[in-house]
Each structure stands twice: as C-alpha cells, then as structure tokens.
Amino acid sequence: MMFDILIKSGFVIDGTGAPGSVQDVGIIGDRIEAIGDLAGAEAKQTIFAAGKVVCPGFIDVHVHSELTMLGGIDRFAPLQMGVTTQLASPDGFSWAPMTEAKLKEQAAYLHVFYEDEGIETDGDMSIEKLLSRYRGQLPSNLALQVPHGSIRVEVMGWENREASEDELGRMELMVREWMEAGALAFCTGLEYEPMRRANLHELVRLSKVTAEYGGIYVAHQRGYAEKVEIGCSETFAIAEQANIPVHISHFTVDDAAAAQIDSALTRDIRVTFDMYPYPAGCTHLLMGLPEVLQLGSPQHVMEQIRKKSVREAYADQLQKAFPADRVRFAAVGSAEPTGWEGKSLAQVAEEMNLDLPNAICEILLQTNMQALMIYHWPEERYKFVEQTFKHPLHMISTDGIYVGRRPHPRGYGTYPKVLGEFVRDNKWLSLEQAIYKMSGFPAAAFHIKDRGVLAKEKFADIVIFDPAVVDSPSTFVNPRQEPVGIDCVLVNGHIVIREGAVQPGLHGRVI
Ligand SMILES: [Zn+2]
C-alpha cells in the first residue's frame, strides 16, 4: 500500500485514555488509513517518530481565537501548541446574525477581547457572511457554537428585561439557523451584557431548540467560587428542563464546586467542564463594576461612570471589588500607549494620583472600556489547579485571549505546560489521561465527528511531541514564547508544523 504520509515507530496514544504502544500510522488524503505494524509499506513522505509520542490533535473548547486565526502575530500560536480544532463563540460572543447598527455596538463591546480587525462592520452580518470570512483562511479547524450574546443584542439590544414571547420566538429561529449551519452547542456568558439579563425560561427555551439538533448547553455561569452554587443550580436546572447535556466553561474544582458536580451526577445530569492550567483569570475591567453599573450599552455605561454622584454612591463597592495588587493590565485596546500593560491596578492608581474607585472609572473612560486584566488568584487557592486537573469530568482548554502587549500566557503555553509540568514533572496525570482530556474527551462531549481519536478512517489531525522535553517557556512577564518539544503537527492530513516551525499553507476547515 502507498501512503501519502507514514509516521514510523512513534509511541501512539490514541486519545481514548487507553494505554499507548509503539505503532506506525499511515495517512492517505485527509484521513488515517492504517495504524499498526506497517513495515514494508511505502509512502511519499515518511516521518520517523521513535522516542516521540504520536497523538490526536488537541481540541480547545474555550478560546477567543476565531479572529486571531485570520492574521496577525498570534495567528499560529494555537497550532504551535498542537491545537488542531478550536470552538467558536466562547462566552456567547460572536457577530452574527446582526444588522449593521447592532453589529457595530457588539463589535465595540467585544473589541477588548478580539481587537476585531478581521470583522467587517459595514453592512449586515449574516451567519453565511461570517463563515465565508473563515473559509480558506484557517490554520486549524473551527467548530461552531450558537452565540447567545449576538442573538440577544440583535433581538433586544442591551435592554435589562425579560424577553417577550415574540422575542423568544425570534431568538429560537436564530438558534435554529446556527444549528443548521453546523453548530454543536448553545453557548452563553451569563456574567456579560446583555446575556446576564436572560432568565431561566429564556435559557431553557433556547436550549430546547439546541437539543432538537443533538447539541449541548455551554455556559460561563452566573457564578463561580463563592457563588458557585448559584451558577451550578441554574446550569443543572437547564439540563433537566431542556433535557440537554451541559458543559461549564473555565470551572475550578474546590470543595464546594466538587460537591456541586457530585450532586448533578446523583441527579443523572450529563455534565462536563473545562479549565486551563494557571492560577489566574483574565477578563475585562468592566466585569468588576457593580452589576447595576454594567447595565446597558457600552455608551450608557460610560455616561454613568463619568458622573461624580455615581462614583461616590458606589465608591465602597468599587474599593472592595478589586484586590488591586493582584490585578494586572494585559491590554488597553487601541488606546494611546499608556505604559500600563504589566503593571498592577494599584500601581496605576498611584501613578494617576487617584483613589481606587476614581482610578477604575478613569481607566475605563480613557481606554474606551478596552482594559483587559489578569486576575491572579490568592495563594491559598493555588492548590485547586491540581484538584481540578485530577477531576475525571475535567477537560483542558486555554481560554486564550490574543490581544495586547502582556496577554495571559494560557494562550501560548497551556498544552505543553500540562504535558511537561503536570504530567512529566508533577505526575498528577498519566500521558494517556492528559491526552484524553485534550482530544478524545472534548470530541465526545461536544459531539465532534471523526476527530479527537487516532483510528482508521478518522481525520488525520495529529501531534508528534517529545515527552522528555515538552514544556512551555511562556510566563506572565513574557507570554509570547513558542513551546518546546512540539515537533510536528498535522491538520487534515497536511504537515503544518515541522521541527517546531510553521509550514506554508492554511489547511483548517469550518467543521
Ligand atoms: Zn468566560
């Protein structure tokens, strides 16, 4: 038999969690044709992988990368970590289907996470128009999710109220349209505007439509950490009322969270979750404002925080909301260079000669609300990274956000860090368990067809890495660093990383 590509003598870990063994992998076109002892087989190209691990390409279920993949300095960062499939619309963020005026508002709100050069905001944006922007331009595969945020903005604007029956009907139609375009899940971000204004009834109605198509419900919950019970009760109520599997985004397992997951399992709720391997979060500064101040359109929020009376009324809450020495600037959008990136909120407030509440409001105004922050956990919570990664329902994601001068290192180092530090050095997980959490498990939970597992007739999305040296040099001070030991990556049967270097050609697909 003549293969296009033959990977010889690697330690094959198939992504199901089963023990690995030395095998050859033969590829024809975009699929795996054979796995086993392929001695004597001929191939147009042969990759010698003795001493290396050969495993499925990694599937990142929560990452803000769909515009990053279209161009710019971080275009290939996910691929260099071994990520071959990424999910779109994390936290319910996207840009379709939207009419022009609403699209412009949504793009302005999301700019802090995407620096949206890739999005054309003149004219309406249909789902098809958005997808055509991606086709032929992707280094790795993009799987779709229904974005609750763009749907609610389009139907109801930034209004703080329940949806009417008529509005629910329009939103259901849009869910249907996305599911028919191939979406795998309904995705929401219940601590972001205007999604947090949705009630349980709305979420159940939209989840029911998703369930008709075999999709799942995915949420950045209304509460984490000390509010985990609030967040989880809502998620589990949706699971039961819409009869749908649920997935919780960026979920840390402490004792209270573990008890929530256990209670879901005793109720036969199908639940999974993802988390990245760093004890620090990252989101916009806006999220730290008292909830009532986040209400309404970005324009309205800016008008509010400009008022002296408002700042005085909420000074106490603003003071308490931020552990100002543990919060650092990742990015300030396209504002004039401020020199703030990398500094703590406390430092910048001091430089501005303002108390914390006034500094926060001024920073939001000066950056046009484009301040993206890294929130370092208090040290006593560090131990929960290990507890999270050892939980059997946990899968690995990056939550990468590719903007600014000091982005969170999770977008550049997640997978090699887990394989090097957590697997090889700390021995928290076996290689087989870690790879399952990166490939087979996400593919199963999100119903991604023919990917995430190495087997005959599956797509040839493959990573070859050196388990003795794999690691990430990315740090919070110097995040944009290439991984070590990720030697070779294939996407749809094409070699896209060879000896750690990006090869020409864009072989990702909208799947
Ligand atoms: Zn989120």
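Remember, it's 1-based here, ligands and their atoms both numbered in the order they're listed.
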Between Arg410 and Pro277, is there a donor-acceptor pair closer than 3.5 Å when you use the side chain of the first and the backbone of the second? no
Answer key: the N, O or S atom of His220 nearest to the Zn ion (ligand 1) is ND1
query: Backbone or side chain, does Asp91 get an N/O/S atom under 2.8 Å to the Zn ion (ligand 1)?
result: yes
- Once the angle between the rings of Tyr436 and Phe441 is folded into 0 to 90°, is it parallel (under 30°), tilted (30 to 60°) or perpendicular (over 60°)? parallel
Heavy-atom closest pair (Phe113 atom, Val403 atom, distance to 0.1 Å) is O-CG1, 3.7 Å
Closest heavy-atom pair, Ser397 versus Thr414, reported as atoms and distance to 0.1 Å, is O-CG2, 3.5 Å
Below 2.8 Å, can you find an N, O or S atom of His250 next to the Zn ion (ligand 1)?
yes
